2 protein chains.
Amino acid sequence: MPETDIALIDMSVLEQVAPIIRNAAHPLRLRILDFLRQSDGPRNVTNIVEACESGQAFVSQQLRILKDQGILECRRTGSFVYYQVANPAIFHLIDCIRSQQRCG
Amino acid sequence: MPETDIALIDMSVLEQVAPIIRNAAHPLRLRILDFLRQSDGPRNVTNIVEACESGQAFVSQQLRILKDQGILECRRTGSFVYYQVANPAIFHLIDCIRSQQRCG
DNA sequence: GCACGATATAGGGTTCTTGTGATATACTAG
DNA sequence: CTAGTATATCACAAGAACCCTATATCGTGC
């Protein structure tokens with residue numbers, strides 16, 4: 001009887017976690033996360049747009065997606081909005097990509 | 001000058017890696033990977049279908065997606081096809097989900 | 001050859017994602 | 001209030017993902 005009672009991760013957990021990973025796994029969003037990873041603290045949207053070399057509207061939408069997933073959080077200071085990572089677990093992904101440039 | 005020369009992961013790397021992670025980040029495909037993670041060796045399609053509690057055709061399609069991404073590999077033995085993980089880096093994802101049941 | 005179990009593929013409707021251009025909102029300075 | 005910068009949202013068309021049913025292929029045994 002080698003295999004009958006393997007304890008697998010519960011399907012409900014996978015259903016909860018999959019969209020978070022899936023939403024992070026986009027080139028521009030990984031770039032945002034990597035940029036925040038390499039930064040000392042929160043960064044405002046203009047900083048992020050520059051790091052992404054992409055359009056403002058598009059970056060703003062990606063920030064919203066990451067925020068809606070609970071991956072990022074933000075606070076407004078004057079006319080600037082500063083973003084930072086809300087759930088540091090996502091850094092495992094970034095670090096994994098950094099360490100081996102082809103992992104998953 | 002606090003931030004001008006941060007070394008970010010190259011965009012071409014992110015573009016290469018994103019679809020791999022994205023393709024793994026699906027509940028059923030995570031289940032497949034978790035099942036293979038917890039198994040001692042390769043498993044055939046029937047085993048995997050049972051572990052997934054899903055339809056044979058659908059699971060077969062997911063296996064193909066994972067194989068096309070280079071995440072899985074397979075070999076035929078008689079009328080059975082045995083799948084196993086081709087790139088163990090993907091186990092980092094699974095282990096991360098296992099260790100903290102809400103990471104990314 | 002035939003029948004059967006194991007696996008893969010095709011077809012297709014529905015829904016989600018992507019990236020863009022235009023526009024709206026928020027805040028500051030004057 | 002006005003102008004200007006910073007940020008968010010809307011609308012949309014092209015494409016991709018999802019998941020199902022039906023069917024095809026491959027291998028074995030007779």
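Labels below follow one simple rule: chain letters A, B, ... track the order of the sequence lines, proteins then strands, and each chain is numbered from 1. No experiment lies behind these values; they were computed from the predicted model shown.
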Query raised in the report: Is the phosphate of D:dC18, meaning OP1 or OP2, less than 4.0 Å from a side-chain N or O of B:R29?
Result: yes

Requested in this report: Report the distance from atom CG of A:L14 to atom P of D:dC18, rounded to the nearest whole Å.
Outcome: 14 Å

Query raised in the report: Atom NZ of B:K67 and atom C1' of C:dT9: how far apart are they, to the nearest Å?
Result: 12 Å

Query raised in the report: If you find the nucleotide of DNA chain C closest to A:L28 and the one closest to A:T77, which residue's nucleotide is nearer the 5' end?
Result: A:L28

**Report entry** Side-chain N or O of A:R22 closer than 4.0 Å to phosphate OP1/OP2 of D:dC18
**Finding:** yes

Query raised in the report: Want to settle it: does B:N23 or A:S60 sit nearer the 5' end of DNA chain D, counting the closest nucleotide to each?
Result: A:S60

Requested in this report: Describe the nucleic acid contact of A:F80 in one word from base, sugar-phosphate, nothing, applying a heavy-atom distance below 4.0 Å.
Outcome: sugar-phosphate

Query - Side-chain N or O of B:Y82 closer than 4.0 Å to phosphate OP1/OP2 of C:dT7 - result: no

Report summary line: When rounded to whole Å, the CG to P distance for the pair A:D68 and C:dC16 reads 15 Å

Query - N/O donor-acceptor pair under 3.5 Å between B:R43 side chain and B:Y82 backbone - result: no

Query raised in the report: side chain to side chain contact (heavy atoms under 4.5 Å, CB included) between B:I32 and B:C52: does it pass, once the steps are laid out?
Result: CA-CA 7 Å; B:I32 292 170; B:C52 287; 3.6 Å; yes

Query raised in the report: Any N or O donor-acceptor pair linking the side chain of B:Q61 to the base of C:dA8 at under 3.5 Å?
Result: no

Query raised in the report: Would you say C:dA8 has OP1 or OP2 under 4.0 Å from some side-chain N or O of B:Y83?
Result: yes

Query - Whether A:R22 side chain and B:H26 backbone form a donor-acceptor pair below 3.5 Å - result: no

Report task. Measure the distance from CG on A:L63 to P on C:dG19 and round it to the nearest whole Å. Result -> 14 Å

Query raised in the report: Side-chain contact, heavy-atom cut-off 4.5 Å: B:V85 with B:R37?
Result: no

Query raised in the report: Whole Å only: how far is the CZ atom of B:R76 from the P atom of C:dG5?
Result: 16 Å

**Report entry** N/O (side chain, A:T46) to phosphate O (OP1/OP2, D:dT7) under 4.0 Å
**Finding:** yes

Report task. Please confirm whether any donor atom in the side chain of A:Q56 sits under 3.5 Å from an acceptor in the base of D:dA6, or the reverse. Result -> no

Requested in this report: Tell me which of B:V81 and A:I65 sits closer to the 5' end of DNA chain C, going by the nucleotide each one is nearest to.
Outcome: B:V81

Report summary line: Rounded to whole Å, the CD1-P distance (B:I32 to D:dC19) equals 12 Å

Query raised in the report: Expressed in angstrom and rounded to an integer, what is the separation of A:L72 atom CG from D:dT7 atom P?
Result: 14 Å

Query raised in the report: Are side-chain N/O atoms of B:Q38 and B:R98 paired as donor and acceptor at under 3.5 Å?
Result: yes

Query raised in the report: Can you tell me how far C1' of D:dA14 sits from CZ of A:F58, to the nearest Å?
Result: 14 Å

Requested in this report: Specify the residue among A:S79 and A:R64 whose closest nucleotide of DNA chain D lies further upstream toward the 5′ end.
Outcome: A:S79

